Amino acid sequence: MNLPLNIPGLTRPAASPRLINLYGDALPSRQASASAELARGLSAATASIAPKYFYNALGSKLFEAITGLQEYYPTRTEAGIFSAHLADMAQAVADAGIRQPCLIDLGAGNCAKSALLIPTLTPRQYVPVDISVEFLRQAAEQLQTAFPALDIVGVGMDFSAHLALPTQVQADDRVFFYPGSSIGNFTPAQALAFLQRIARADQGQARGLLLGVDLVKDKAALEAAYDDTLGVTAAFNKNLLLHVNELLQADFDVRQWQHVALFDEAQSRIEMHLQALSEVTVRWPGGQRAFTRGERIHTENSYKYTLESMTALLRQAGFRHVEHWCDPKHWFAVFWAAI
Ligand code: AVJ
């Protein structure tokens, strides 16, 4: 609680969000585990870098720019679903017996999506969670200005690893919000495990989940969304190498790499890669990797679901009530799943 100031001539300062950083970029243990994970990925037969490393400060800004691209339909399509069905969503939360929701926003980024929901859902507490801690701090401060009375507890953490939230987060009436189809970064098996963790009493303790899901559609529309004409997605992909240079003290030269995005229909996923434009050896303290011309580093999977496949996955994870809302073209869906 902020105490009101009674000093004449001074106005009461706006409440500021609490921020709990469990990620600790600066911790030596964190740096060591990131370095080990990155070195392992780069040394594997098919080199890979986990997509969570896209999101340094610049990466979060580049992703924000992607969401404004004409080709990148998910963000605006999802926003359209929210604005068309917000009242239905609030009703579904109430129908599940959730009276004082604690809205837990996984991968909150700029908190823009929650800003749309908050006036109708009227959560008692809002908990934006993100791995990009500095970006999160600024976003939480801005959101606090828009909603001065809202209790905001920002949490900096890598929720792909675990979901045990700090004790400052309300234990009851937890509604998880996982928009944008970020669930697509997991394989279906990992997605199932993640959904189960959200529901578990010793982890997420969810009563319900609002989940944004990108749907299968024609290949050309999918590939354009991940290979835009301005090259913003290419910059987002290549910025990963700059982040790895920072984390691993590697010597990637982004000019030697080309952005590749393709839809694999058999696996129902967009794959992003960085492809070596020529033979290149990348070095870091304690290791190196030689790449032949045309060899790729796998940087992201973005799985696309059908209404049926996601409904089945949510049920399998233990959610008993599952419903969804779509845009008219059925390009994107928002699911409500209650325990
Ligand atoms: C944030 C994981 C949902 O998969 O569409 C956008 C990331 N990558 N363009 C997605 C992304 C390239 C995005 N997610």
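Counting starts at 1 for both ligands and their atoms, following the listed order. Keep in mind that the numbers below use all heavy atoms, side chains included, and drop hydrogens, waters and symmetry copies. Computed from a prediction, not measured in an experiment: that's the story for all the values here.
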Checklist entry - Between the candidates Y72, F236, Y226, which shows the shortest non-hydrogen contact distance to atom 13 (C) of ligand 1? => result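 Residue with the shortest heavy-atom distance to the ligand atom: Y72.
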
Checklist entry - Thinking salt bridges, do R76 and E78 make one under a 4.0 Å N-O criterion? => result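 Looking at R76 and E78, the cut-off is not met.
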
Checklist entry - Should K52 and E300 count as an ion pair when the cut-off is N to O under 4.0 Å? => result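 No, K52 and E300 are not salt-bridged.
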
Checklist entry - Hey, do the aromatic rings of F332 and F82 have their centres closer than 6.0 Å? => result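 No, they do not, as the ring centres are separated by 6.0 Å or more.
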
Checklist entry - Any non-hydrogen atom of F54 lying under 4.0 Å from ligand 1? => result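 Not so, F54 does not reach ligand 1.
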
Next on the checklist: Tell me whether S182 reaches ligand 1 (any heavy atom closer than 4.0 angstrom to a ligand atom).
Outcome noted: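 Judged by the 4.0 Å heavy-atom criterion, S182 does count as contacting ligand 1.
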
Checklist entry - Do other residues, nucleotides or ligands put more than 12 heavy atoms under 6.0 Å from the NZ atom of K217? => result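 More than 12 heavy atoms, drawn from other residues, nucleotides or ligands, come within 6.0 Å of this atom.
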
Checklist entry - Sub-3.5 Å donor-acceptor pair from the side chain of Q144 to the main-chain atoms of F147, do we have one? => result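 Pair found, side chain donor or acceptor close to backbone of F147.
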
Checklist entry - Which atoms from ligand 1 have a heavy atom of N185 less than 4.0 Å away? => result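 Once the distances to N185 are compared, the set is 2 (C).
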
Checklist entry - Quick one: which ligand 1 atoms are inside 4.0 Å of a heavy atom on S302? => result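 So the atoms of ligand 1 that pass are 4 (O), 5 (O), 10 (C).
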
Item to check | Polar atom proximity, E300 to ligand 1 (N or O, under 3.5 Å) | outcome: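 Between E300 and ligand 1, an N or O pair is found under 3.5 Å apart.
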
Item to check | Any N or O of T233 closer than 3.5 Å to N or O of ligand 1 | outcome: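 No: no nitrogen or oxygen of T233 is under 3.5 Å from one in ligand 1.
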
Item to check | Per-residue contact class, Y55 against ligand 1 - non-hydrogen pairs under 4.0 Å | outcome: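 Y55 to ligand 1: side-chain contact only, backbone stays beyond 4.0 Å.
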
Item to check | Per-residue contact class, S181 against ligand 1 - non-hydrogen pairs under 4.0 Å | outcome: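 Looking at S181 and ligand 1, just backbone atoms fall under 4.0 Å.
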
Item to check | For S132, side chain to side chain donor-acceptor pair (under 3.5 Å) partners two or more places apart | outcome: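 For S132 the side chain to side chain donor-acceptor pair (under 3.5 Å) partners, ignoring immediate neighbours, are S60.
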
Item to check | Lys NZ or Arg CZ of R289 over F291 ring: under 6.0 Å, within 45° | outcome: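 Checked: cation-pi criterion met.
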
